[in-house]
Amino acid sequence: MIEFLLNGRMEKVDQADPNLSVLEWLRTKMRLTGTKEGCASGDCGACTVITGTPDQAGKIHYQAINSCITLLGSLHGKELITVEAFQQEPGHPAQTCMMEKHGAQCGFCTPGIIMSLIALHANHQSATPDDHKLLEALSGNLCRCTGYRPIVDAGRDAMVQAWSPDASHPAAGLKGDRSADALASIHTGGITLKAANDGPRFDAPASLAELRELRSRFPESRLVAGSTDLALEITQQLQTLDHLISVERVHELNGCTRDNDELVIGAATPYEAFRKPLSELWPAFDPMLERLGSLQIRNRGTLGGNIANASPIGDMSPPLIALAATLVLDGPDGARKLPVEAFFHDYKQTDLKPGEFIHSIRIPVPKPGEKLFIYKVSKRLDDDISAVLGAFKINLEAGIVSDCRLAFGGMAATPARAREAEAALRGARWDEASVKAAAEALGRDFNPLSDVRASAAYRLQVAGNLLQRALLASDPLVRDALTVTDYA
C-alpha cells in the first residue's frame with residue numbers, strides 16, 4: 001500500500017497496477033481530468049503536476065514533473081498537487097496573468113504551463129526569478145497554438161505578484177510546510193504495491209540492505225528510479241512490466257558528497273540535486289545539464305539511470321568517461337568498482353551481473369592545468385536528444401597537451417573514447433595544427449551510423465568541429481563570445 005497527499009487530502013492506494021502512470025491514475029481512477037495527456041513520453045508538458053518531497057529535516061521541496069512517465073508507486077510519502085487544486089479562491093497569479101495576457105487559445109497545454117509557472121513561483125518566494133529561470137521552467141512545455149510571447153509575458157507578471165491562500169486551500173503547502181505534519185505520519189520503511197490476483201508488483205525499499213535482499217530474491221526484476229526512460233516501455237511500447245524495484249527511496253543511493261579528491265554522487269540522485277555541486281567543480285557541466293531534457297525531466301531523472309540505460313546518446317556518460325570517473329556497483333555479492341568506460345560492452349549491454357545495481361559514481365575533482373569542455377549538438381536547443389555529444393579533458397603545461405581524454409556519444413554503439421585522436425594531441429601544442437590532426441584521426445576511431453538524427457558524414461565532421469570549438473573556447477579572447485546557443 002502507498003500513502004500520499006493529493007490536493008491536501010490523504011490518499012491510500014492498495015492493489016493497483018504498478019504500471020499505472022500518475023497521469024493515467026488521475027484521469028481514469030480519480031476523474032481529475034484537468035491534467036492532460038499530450039505525448040505520453042515527457043516531451044510536451046501538458047501533463048505537468050507538482051510534487052512535494054520532504055527532506056530529512058521535514059522541509060518539503062516542490063517540483064514540477066511529467067505525470068505521464070511518473071509511476072504511481074513513486075508517490076508514497078509525497079504530496080501531489082494538480083491543476084484542480086487551483087479551482088478554489090484565491091486564484092494563483094499564474095492563472096490570472098495567463099488570462100490577462102491572452103496566453104491560451106485551445107487551452108489543452110495551458111494546465112501544464114500554469115503548473116510549471118506555479119512551481120517556479122513557489123520556489124522563488126524570496127526573490128523574483130529572471131527571464132533565464134522563467135524560460136528554463138517553461139522549456140518542457142510546448143504550446144501548439146498560442147505562441148510563447150504572451151506566455152512569457154504572463155510568467156513575468158505572475159512572478160512579481162504575491163499569493164496568500166488560507167490553510168484550507170488544497171495547495172496551501174506551497175506557501176510553507178503546512179503539509180509536513182501529514183506527511184510525517186506516513187511510515188518511512190519499504191513499501192510494496194501489487195495489482196490484484198498476483199499481478200505486477202512494485203517494491204520500494206528504503207535501505208541498501210532491503211535493496212540487496214530484493215535483488216537477490218528477484219534478480220530478473222527491473223530497477224526503476226525516476227522512470228523518465230523506462231516508463232516509455234509502458235506508454236509507448238505498451239508493455240506490462242511484471243516486477244519493478246524502485247531505488248528512489250534508498251537513502252544510501254541518494255545525495256552528493258565530497259570524499260577527499262572525489263565527488264561522490266548516489267545513483268538515485270536526480271540531475272537537479274547534483275547539478276550545482278558538480279558544476280561548481282567542473283563548470284562545463286552546467287550548460288550541458290540545462291539542455292538535458294527539460295526541468296521536469298531533470299527533477300526526476302537520475303545519474304545512475306542515465307548510465308545504466310546504456311544509450312549511446314546518453315548525455316552523462318561521455319563527460320564521465322573523459323574525467324575517468326568510477327562506478328561503484330553493488331549487489332548480492334557485495335560492492336566493486338569499475339571505470340565508467342569499462343561499463344559499456346556493446347549496444348545496451350553492460351558489465352552488470354545478475355542482481356547488481358549502480359550504487360554511486362565517483363568523479364575526480366579538477367587538478368591544476370586541467371580543462372573540461374562539453375558540447376551537445378541536437379536539432380533543437382531545449383528538451384532534445386543528442387546527435388553528437390563531445391566531452392574533452394585537456395591537460396595543458398606551457399601550451400603543450402601533456403595528457404587528454406576525448407569521449408563521444410552518438411558516434412558508436414556505446415559512448416567511447418577517441419584514442420587515435422588522443423594520440424594525435426598528446427605531446428603536441430594545443431593549436432590549430434594539432435586539433436586538425438586529431439579531427440582527421442576521428443575517422444580511424446569511429447565509423448558512425450546514419451539515422452534520423454544525423455548522417456555518418458555529419459557526425460564525423462561535427463565531432464572534429466567540436467574539438468576546434470574547444471580550442472577557440474580555451475582562448476580568452478574568444479571564449480567570452482561563445483555561448484550555449486552557438487552550434488558546431
Side-chain angles (χ1 to χ4, degrees), residues 17-28 33-51 63-75 80 82-83 106 108-113 115-116 119 136-145 200 202 222-241 244 246 248 270-272 289-302 305-316 348 376 378-387 389 409-410 451-454:
D17 185 354
N19 290 269
L20 275 177
S21 68
V22 172
L23 173 66
E24 187 175 0
W25 180 80
L26 286 172
R27 293 183 61 85
T28 63
T33 56
T35 307
K36 306 301 183 185
E37 179 178 309
C39 65
S41 59
D43 286 329
C44 75
C47 69
T48 301
V49 296
I50 295 173
T51 55
Q63 296 177 317
I65 67 165
N66 296 118
S67 62
C68 70
I69 53 172
T70 300
L71 299 180
L72 180 62
S74 69
L75 292 179
L80 173 64
T82 73
V83 71
C106 81
F108 192 87
C109 63
T110 304
I113 291 170
M115 296 303 284
S116 290
E136 182 182 22
L138 291 170
S139 64
N141 293 90
L142 301 183
C143 176
R144 292 164 172 79
C145 51
F202 178 97
R222 299 288 299 277
L223 291 182
V224 59
S227 71
T228 56
D229 186 80
L230 181 137
L232 301 184
E233 296 182 24
I234 301 170
T235 64
Q236 304 295 302
Q237 301 174 25
L238 305 183
Q239 295 184 24
T240 296
L241 305 182
L244 295 167
S246 171
E248 183 178 357
Y271 299 116
E272 280 300 295
L289 283 169
E290 187 171 336
R291 294 185 58 197
L292 196 157
S294 62
L295 184 58
Q296 291 99 315
I297 294 294
R298 295 193 297 275
N299 284 336
R300 289 286 302 159
T302 64
N306 188 271
I307 297 169
N309 182 44
S311 169
I313 50 175
D315 285 345
M316 287 301 299
K348 293 284 187 174
K376 174 175 178 171
S378 55
K379 289 188 175 182
R380 65 175 187 256
L381 187 64
D382 290 317
D383 200 8
D384 200 7
I385 295 173
S386 297
L389 190 142
D451 58 20
V452 295
R453 303 191 195 286

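A distance of 4.0 Å separates CG of Asp315 from NZ of Lys376, quoted to the nearest 0.5 Å. Residue Ser67 holds its OG atom at 4.0 Å from CG of Leu23, rounded to the nearest 0.5 Å. Interatomic distance, CG of Leu138 versus OG of Ser294, reported as 11.0 Å (0.5 Å rounding). The distance from atom CD of Glu272 to atom CD of Gln63, rounded to the nearest 0.5 Å, is 7.5 Å.
Nearest approach of Arg222 to Leu241, heavy atoms of both residues: NH1-CD2, 4.0 Å. Between Ser386 and Ser378, the shortest heavy-atom contact is CA-CB, 4.3 Å. Heavy atoms only, all atoms of each residue included: Cys143 and Cys109 are closest at CA-SG, 3.8 Å. Minimum heavy-atom separation, Met115 to Thr82: CE-C, 3.6 Å.
Partners of Tyr271 by ring-ring contact (aromatic ring centres under 6.0 Å, His included), not counting sequence neighbours, listed by chain and number: Phe274. By the side-chain hydrogen bond (donor to acceptor under 3.5 Å, both in side chains) test, Gln236 pairs with no residue at all, sequence neighbours left out. The side chain to side chain contact (heavy atoms under 4.5 Å, CB included) search around Thr70 returns Val22, Ile65, Ser74, Arg300, not counting sequence neighbours. Looking at residues two or more places apart in sequence or on another chain, you find no side-chain hydrogen bond (donor to acceptor under 3.5 Å, both in side chains) involving Asp382. Scored by the side-chain hydrogen bond (donor to acceptor under 3.5 Å, both in side chains) test, Asp17 finds Asn19 as partners (sequence neighbours excluded). For Glu136, the side-chain hydrogen bond (donor to acceptor under 3.5 Å, both in side chains) test picks out Arg275, Arg298, with sequence neighbours left out. For Arg453, the side chain to side chain contact (heavy atoms under 4.5 Å, CB included) test picks out Ile313, Ile385, Ala387, Asp451, Arg459, with sequence neighbours left out. Evaluation of the side chain to side chain contact (heavy atoms under 4.5 Å, CB included) rule for Pro18 yields Ala195, Pro200, Phe202 as partners, not counting sequence neighbours.
Residue pairs meeting the side chain to side chain donor-acceptor pair (under 3.5 Å) criterion with at least one partner in residues 223-232, sequence neighbours excluded, do not occur; the list is empty.
Just one residue in the list Thr110, Ile113, Leu295 forms a side chain to side chain contact (heavy atoms under 4.5 Å, CB included) with Asn141, and that residue is Ile113. Applying the side chain to side chain contact (heavy atoms under 4.5 Å, CB included) test between Val49 and each of Val83, Asn66, Leu26 identifies Leu26 as the sole match.
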Validation: residues 38-48 side-chain donor-acceptor distances under 3.5 Å, sequence neighbours left out:
residue, atom, partner, partner atom, Å
Ser41, OG, Asp43, OD2, 3.1
Thr48, OG1, Gly45, O, 2.7
Thr48, OG1, Gln296, NE2, 3.1

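If you check the side chains of Ser139 and Asp383, you find no donor sitting under 3.5 Å from an acceptor.
Under the 4.5 Å side-chain criterion, counting only non-hydrogen atoms from C-beta, Lys36 is in contact with Arg27.
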